[in-house]
Participant: 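Have a look at the structure that comes next, please.
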Amino acid sequence: MANRSTGRPASLTELFLSFLTIGSTSFGGGLLGWIRRELVERRRWLDDQQFLAAYGLSQIVPGATNVNLSVIIGSQLRGLRGAVVAVTGLLAVPVMILLSLGGLYFAAHGGHRLIDAALAGAGAAAIGFNLATGLRLGQHNVRKVSQAAVAGAVIVGIGILRIPLLEVLLVMLPVSLVITLVERAR
Amino acid sequence: MIATLLQIAAMFSLLSLLAFGGGAAVLPDMQRQAVEVHHWLSNSEFLDMFALSRAIPPGSLIVVLIGQKAAGVAGGLVALLGMFGPSCLLAFTMGRLWHRAGGAAWRETFEQALAPVSIGLTIASGIAIARSTEHDWPAYVVTIGTTLLLTFTRVNPLLMMAGGAVLLAAVAV
């Protein structure tokens with residue numbers, strides 16, 4: 001691995017400032033890249049292997065992957081307080097920005113035709129962002145017909161038939177797990 | 001007010017633990033509950049909030065806006081705690097156990113099984129939101145164009161959202 005950690009302990013203040021920087025600069029996506037750049041390349045608190053292990057785990061746990069990743073890395077570096085500091089740093093600025101934008105938006109409540117159209121346009125692009133995220137992940141992670149079938153069933157179930165999430169998960173998670181175990185055993 | 005805050009806390013803390021593969025997974029359910037069950041906002045407001053939240057890192061803070069619409073700033077903060085509290089606690093616990101126990105085999109199996117489900121959920125969330133709002137043809141042009149460009153090129157998503165905003169505002173003139 002190219003990036004070795006220095007093993008130098010992170011102070012809580014440094015940890016907070018690092019995550020504050022990450023949360024305030026990663027507009028437009030790519031948060032994962034920013035987290036890696038700051039913690040692995042710049043601060044050298046982790047090496048690539050530790051980063052990837054934490055990332056893998058953060059994907060298994062429900063919830064926003066990059067928030068989970070901050071919790072896991074914060075806790076690895078400085079325990080429970082590290083986890084709290086990392087998440088608080090990550091979300092502090094974005095939450096304040098959103099509450100301010102929300103305040104402006106609700107005060108105007110859908111008054112202006114052009115602003116409504118612009119927001120709808122940004123929303124239409126944001127939908128495309130979600131679709132593209134799914135497709136990109138699919139390009140790298142869906143290699144077998146069985147996996148494509150599982151993804152397809154979830155898409156139809158929730159996107160088209162609008163079956164509640166809990167019901168879809170209760171069926172599709174065990175199905176996917178069984179398929180994975182059977183294919184690994186072969 | 002207190003009743004609304006409790007509803008917000010209950011709704012989001014349940015969704016928190018169902019958000020496999022990230023916040024996108026629960027968007028369709030979140031929309032249904034906030035719009036159809038609790039009547040806190042309309043479908044088109046949901047789309048506006050989705051757009052705003054997508055532009056701000058980490059891109060999954062729409063819960064703050066829904067809570068704020070339902071019960072002011074306190075509602076926004078309760079929604080934030082509800083949505084991220086349980087999953088963060090789980091992440092913390094799993095991180096600790098993982099550190100102690102190792103266990104690469106089960107993790108790899110679970111990762112592999114989870115991948116197609118989360119990918120399906122992410123794509124389904126886009127389809128569900130598009131279908132729930134009045135998506136007319138210019139909006140579909142923006143959605144499909146963005147999907148293709150972001151899948152096959154490295155354009156900044158923020159740029160695409162700005163482009164979509166300008167395009168639909170221009171059509172509305």
Side-chain angles (χ1 to χ4, degrees), chain A residues 23 26-29 31 56-57 60-68 71-72 75 83 87 94-95 97-99 101-102 113-114 117-138 141-142 147 150-151 154-155 158-159 164-166 172-173 176-177 180, chain B residues 17-20 22-24 28-29 47-48 50-52 54 56-58 60-61 64-65 68 76 84 87-88 90-92 94-95 98 109-110 112-113 115-117 119-130 139 142-143 146-147 150-151 156-158 160-161 164-165 167-169 172:
Chain A
S26 56
F27 290 86
L31 184 54
L57 194 60
I60 298 179
V61 180
T65 304
N66 30 47
V67 176
N68 289 339
V71 168
I72 292 167
S75 117
V87 174
V95 166
I97 295 176
L98 269 179
L99 285 173
L101 285 176
R113 198 167 54 97
L114 277 189
L119 276 173
I127 291 171
F129 187 13
N130 271 33
L131 292 172
T133 306
L135 290 174
R136 262 188 186 259
L137 285 168
N141 296 290
V142 174
Q147 291 174 320
V150 168
V154 172
I155 292 170
I158 291 193
L165 175 65
L166 183 60
M172 292 315 292
L173 277 180
S176 189
L177 201 58
T180 307
Chain B
L17 293 174
L18 295 180
F20 283 95
D29 269 47
L47 179 65
D48 291 350
F50 175 62
L52 287 176
R54 256 338 221 142
I56 312 290
S60 47
L61 292 180
V64 172
L65 293 173
Q68 192 183 9
F84 292 100
S87 58
C88 282
L90 192 62
F92 178 78
M94 292 283 282
W98 172 242
T109 306
F110 202 72
Q112 239 177 50
V117 177
I119 290 164
L121 289 173
T122 306
I123 295 174
S125 72
I127 297 173
I129 297 172
V142 171
T143 298
T146 307
T147 306
L150 291 183
T151 305
N156 187 321
L158 215 52
M160 297 306 301
M161 290 176 62
L167 198 78
L168 285 212

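In what follows, chains carry the letters A, B, and so on, assigned in the order in which the sequence lines appear, proteins first and then strands, with residues in each chain numbered from 1.
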Participant: Can you check whether A:Leu131 reaches B:Leu150 side chain to side chain, under 4.5 Å on heavy atoms?
Facilitator: no

Participant: Kindly give the heavy-atom pair with the smallest separation between A:Ala117 and B:Ala169, and that separation in Å.
Facilitator: CB-CA, 3.9 Å

Participant: Would you say the side chain of A:Asn68 lies within less than 4.5 Å of the side chain of B:Ser87, judging by non-hydrogen atoms?
Facilitator: yes

Participant: Where do B:Met94 and A:Val61 come nearest, in terms of heavy atoms and distance?
Facilitator: CG-CG2, 3.9 Å

Participant: If you compare all heavy atoms of B:Gly120 against all heavy atoms of A:Val154, which two are closest, and at what distance to 0.1 Å?
Facilitator: C-CG1, 3.6 Å

Participant: Does any heavy atom of chain B fall under 4.5 Å from the side chain of A:Ala64, the backbone, both, or neither of them?
Facilitator: both

Participant: Given 3.5 Å as the limit, does a donor-acceptor pair link the side chain of A:Arg113 with the main chain of B:Ala172, or not?
Facilitator: yes

Participant: Quick check against the 3.5 Å criterion: does A:Gln147 have a side-chain atom that pairs as donor or acceptor with the backbone of B:Pro116?
Facilitator: no

Participant: Measure B:Ile129 against the heavy atoms of chain A and call it side chain, backbone, both or neither at under 4.5 Å.
Facilitator: both

Participant: Quick check for you: among A:Leu166, A:Ile97, A:Leu173, A:Val87, which has the greatest number of heavy-atom pairs under 4.5 Å with chain B?
Facilitator: A:Leu173

Participant: Among the options A:Leu177, A:Ile60, A:Leu114, A:Val142, pick out the one with the most heavy-atom pairs lying under 4.5 Å from chain B.
Facilitator: A:Ile60

Participant: Side chain, backbone, both or neither: which part of B:Phe20 has an atom under 4.5 Å from a heavy atom of chain A?
Facilitator: both

Participant: Side chain, backbone, both or neither: which part of A:Ile72 has an atom under 4.5 Å from a heavy atom of chain B?
Facilitator: side chain

